[in-house]
Student: 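So that we are looking at the same thing, I have put the structure below in structure tokens.
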Amino acid sequence: RNATANVNINTNTMATNDPFACFGDDDDESDVDSIKEPIENDRDRGRHLTEAYNANNNKKTKTNLPTQVPPSIKHASENSSSSASPSPSFRSSYEDQRTRTAHLPWPRRPPLYLGPMHLSNTLVDEGGGRGYVATQDLPPGTCVLIEEPCVKGWSEEQVGKRLGLESIRYLLEMEREGGDDDDNGDAGGGGDAQSIVRCMEELHPRKEKVDALFREDDPRVEPSSATTPAATATNVAMDPLDKIQIVDMISDMINDASHVQQAKALVAYAKERGVTNSDGSPLVERDIHRLLLTLRYNGFDSGLYLHFSMFNHNEDPNCIKFRPSPTNANMVGVEVVGGGADQEMTTAREGCYYSEARTSRRVRKGEALSLHYVENPREVSHATRRKILYDQHRFDIGDEINYKSFLDATMTKTGHLFNDNERGSHIFESELVGGKFPVSSREGNNNNGKVGDGESDDDLPKTQHIEKSLDDLEDMMKELQSIFKLQPAGNTDDGSFDRAAALELTVCELISASQSALGNDHHILISRCRRLHLDSIEVLLSQCASVLTEKQSIELMTRFLPSAHHLLELQRRRLGRDHPDVARTCNDFSMGIQALLAHSPKRLISLKMDGMTTLDLCSRMEHSCQMEKRRIE
């Protein structure tokens, strides 16, 4: 999945609570703080996490909701709920976890928690035929998987670059952190090279499949380096996807002399380290090529996971993956699978480093569970997603006709009782430029966005101009946030304040220019612009409070609210009403209303926002957004 290993981005700078907080109350310092005895191994931790989840889930089930519901929140709830009655809460015992995880490809490396789903090997419409399937109807926010990565993060040499052979070297250098190895090298705990290499044989592309695709009796080459596809030699039909994702990719590697030399060096290093395949055979060059493809197709920003790698991609995913963080358990970030959708929330507590996946909408029993494979930022145009997915995963989401057909099929499979079928149309409409679906190709721009000879900026797609501007401004935002972290609290220098203020005004200009250029106020890139605008204002209000006058703060909030209101509308149309991003924006909108109600109610009324023409209606809207946030959480 992940062709790049980028620095994790924390995005919940405004929310005070973690959307979809994993276990315990929002103010709990540890997911397992009620456990008195020490946790000795992964199995014990998995059992305790399961018990904690069930206890918390049972506590939430018994919570009484307010009897008086404002009209606006009542309307939102009705739109987001199916007419079918909610599914009963899923409960799992330790013995149930042991029984069900025993049937997964890595029984000796089980996840910490396996929710109401099973791994199917007979999926028709999903890549590779493997993937998770819901075992019951699942409401939004259902926890379906919790897992520690078997490879935590990437080497410093790899960060920010396409995954290369330096990552294989990094993997081969790994030492076991704990636990006892067994004959197959796949025991739980730890993450040594031998164990990881053997476990990776079951990830896509599987070792068995790769070996079967290449001849072992080609007299022109060494058996261990055979590159002639067996299907070609025997006139047997080859799966087109296997040819694109495996045969062509490995053939390209073999035709690269520098790559071959590095692969040979890694083979020698693996032999020196005593790392072998599960059958005891030594690693050969083809194994190195396969391992590299495995990392590219299955890696996340935060590392390599075995069980998370079984999730398939979907352009309208029904699950999100939350990112672990070893430093701050209360900050929320969004990672998206290296290929994937590692849309991630911080789920780490002291001494723990695990990630969880939750449903982001209602899921029907028997429906395949999926993530989105595009990296941060998620809000990129169809043309950019198409190129990224083909470059990193070698599958094509198609042009206008294929994309529209896919969305229609997705909505048909999920059913109108569970999801708003208009959302498929909204997703499609969010890609239109000037009322038309832009032309794209899986290879993307031949110059990778750079202007070549005989070309001008005007020759590039409008969406590409906007995305480049967003990339630059987001880099500036990260740099500013790093600067503010180094400055003493309440002691912002004028230079940093000027840069932050200039950034906010520049984003405002970009929003206006983008809406004009795209001719579509609901375009997916407008969501990304609005989110960046909210973040830039939040930085000013939180980091530059000592410099801002009250009048300046009020002016910022009068620009903050319209952006939050528009973003909320865009997210509800494209993501549905149960997504955690909607909860975060509801919180932002509510906080903005609170601030102006307290400091400048006249300015709040002067904004003339829909449903907020009186102070009473503004107060109701603020309460409605808070209630909606709590409902989603």
Side-chain angles (χ1 to χ4, degrees), residues 1-8 149-175 191-194 196-201 203-207 210 214 224-225 227 244-273 275 277 283-306 308-309 335-340 342 373-376 387-395 442-444 447-450:
R1 296 185 177 143
N2 193 8
T4 59
N6 297 322
V7 178
N8 295 337
C150 64
V151 177
K152 298 179 182 178
W154 309 98
S155 65
E156 293 183 3
E157 294 79 8
Q158 183 62 77
V159 173
K161 295 187 285 187
R162 180 183 176 87
L163 286 178
L165 290 178
E166 57 263 40
S167 290
I168 305 300
R169 174 83 183 197
Y170 176 70
L171 187 154
L172 294 175
E173 292 173 346
M174 297 191 70
E175 302 283 353
D192 67 304
Q194 179 68 87
I196 294 169
V197 166
R198 293 183 177 184
C199 285
M200 288 172 67
E201 293 182 8
L203 293 177
H204 176 69
R206 300 169 70 183
K207 176 175 169 55
V210 174
F214 289 86
S224 63
S225 304
T227 61
I244 294 173
Q245 294 185 339
I246 303 175
V247 175
D248 290 350
M249 292 296 288
I250 291 182
S251 297
D252 288 344
M253 294 178 189
I254 293 172
N255 290 329
D256 184 338
S258 175
H259 181 95
V260 171
Q261 288 300 115
Q262 294 180 63
K264 289 180 178 179
L266 289 173
V267 167
Y269 185 67
K271 182 177 181 180
E272 176 186 330
R273 294 270 296 164
V275 178
N277 293 309
L283 297 185
V284 296
E285 290 173 43
R286 188 171 62 248
D287 291 316
I288 300 299
H289 304 324
R290 172 181 54 80
L291 289 172
L292 180 55
L293 287 182
T294 301
L295 291 181
R296 287 182 178 176
Y297 291 159
N298 298 277
F300 291 81
D301 274 2
S302 52
L304 178 68
Y305 300 76
L306 299 177
F308 271 111
S309 296
E335 181 183 50
V336 191
V337 158
D342 211 14
Y373 285 3
V374 172
E375 278 290 67
N376 273 324
K387 180 183 183 303
I388 291 173
L389 289 169
Y390 187 76
D391 181 54
Q392 296 183 355
H393 304 280
R394 280 302 189 262
F395 63 76
R442 66 187 189 184
E443 288 82 14
N447 295 320
N448 295 318
K450 297 179 181 179

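Note that the structure is a prediction, hence the values are computed from the model and not measured.
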Student: Please step through side-chain contact (heavy atoms from CB on, under 4.5 Å) for the pair Arg198 and Gln194, ending with a clear verdict.
Tutor: CA-CA 6 Å; Arg198 293 183 177 184; Gln194 179 68 87; 2.7 Å; yes
Student: For Phe395, what residues pass the ring pair (Phe, Tyr, Trp, His ring centres under 6.0 Å) criterion, not counting sequence neighbours?
Tutor: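 By the ring pair (Phe, Tyr, Trp, His ring centres under 6.0 Å) rule, Phe395 matches His313, His393.
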Student: Minimum heavy-atom separation for Ala193 to Leu171, with atom names?
Tutor: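 For Ala193 versus Leu171, the nearest heavy atoms are CB-O, 3.3 Å.
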Student: Could you grab the distance from atom CD1 of Ile250 to atom CD of Gln245, nearest 0.5 Å is fine?
Tutor: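 CD of Gln245 is found 11.5 Å from CD1 of Ile250.
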Student: Report the distance from atom CG of Leu203 to atom CG of Leu293, rounding to the nearest 0.5 Å.
Tutor: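 Output value for this atom pair is 12.0 Å.
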Student: Show the numbers, then the answer: is there a side-chain contact (heavy atoms from CB on, under 4.5 Å) between Glu175 and Asp192?
Tutor: CA-CA 4 Å; Glu175 302 283 353; Asp192 67 304; 5.7 Å; no
Student: Between CZ of Arg286 and CD1 of Ile254, what distance do you get to the nearest 0.5 Å?
Tutor: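 These two atoms lie 8.5 Å from each other.
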Student: Of all residues at least two apart in sequence or in a different chain, which pass the salt bridge (Lys or Arg N to Asp or Glu O under 4.0 Å) check with Arg169?
Tutor: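 Arg169 satisfies salt bridge (Lys or Arg N to Asp or Glu O under 4.0 Å) with Glu173 once adjacent residues are dropped.
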Student: List in chain and number order the residues that pass side-chain contact (heavy atoms from CB on, under 4.5 Å) with Asp256, two or more places apart in sequence or in another chain; answer none if no residue qualifies.
Tutor: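 Asp256 satisfies side-chain contact (heavy atoms from CB on, under 4.5 Å) with Ser258, His259 only.
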Student: Do you know which two heavy atoms are closest between Val210 and Ile246, and how far apart they sit?
Tutor: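 For Val210 versus Ile246, the nearest heavy atoms are CG2-CG2, 3.9 Å.
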Student: Indicate the atoms forming the closest heavy-atom contact of Val260 with Met253, along with that distance.
Tutor: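 Nearest pair, atom of Val260 first, then Met253: CG2-O, 3.8 Å.
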Student: Please report the interatomic distance NZ(Lys264) to CD1(Ile288), rounded to the nearest 0.5 Å.
Tutor: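 Those atoms lie 13.0 Å apart.
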Student: What is the minimum heavy-atom distance between Val267 and Glu285, and which atoms define it?
Tutor: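 Of all heavy-atom pairs spanning Val267 and Glu285, the closest is CG2-N, 3.6 Å.
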Student: Grab the two heavy atoms, one from Leu304 and one from Trp154, that are nearest each other, plus how far apart they are.
Tutor: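 Looking at all heavy atoms of both residues, the shortest contact is N-CZ2, 4.3 Å.
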Student: Roughly how far, to the nearest 0.5 Å, is the CD1 atom of Ile196 from the SG atom of Cys150?
Tutor: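 Cys150 SG to Ile196 CD1: 5.0 Å, rounded to 0.5 Å.
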Student: Any chance you could measure Met200, atom CE, to Asn277, atom CG, to the nearest 0.5 Å?
Tutor: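 Answer for the CE-CG pair, Met200 versus Asn277, is 11.5 Å.
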Student: Leu295 and Leu163: which non-hydrogen atoms are nearest, and at how many Å?
Tutor: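 Result for this residue pair: O-CD1, 3.5 Å.
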Student: Check for a donor-acceptor pair, side chain of Asp287 on one end and backbone N or O of Val284 on the other, with a separation under 3.5 Å.
Tutor: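 Yes; judged by distance alone, with no hydrogens or angles, the pair exists.
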Student: Checking the side chain of Asp391 only, and the main-chain atoms of Lys387 only, is there a donor and an acceptor separated by less than 3.5 Å?
Tutor: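 Absent.
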Student: With the side chain counted from C-beta on, respond yes when Met249 and His289 share a heavy-atom pair under 4.5 Å apart, and no when they do not.
Tutor: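 No, too far: nothing below the 4.5 Å cut-off.
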Student: Test Tyr390 against Ile244 for side-chain contact (heavy atoms from CB on, under 4.5 Å), laying out the working first.
Tutor: CA-CA 10 Å; Tyr390 187 76; Ile244 294 173; 3.9 Å; yes
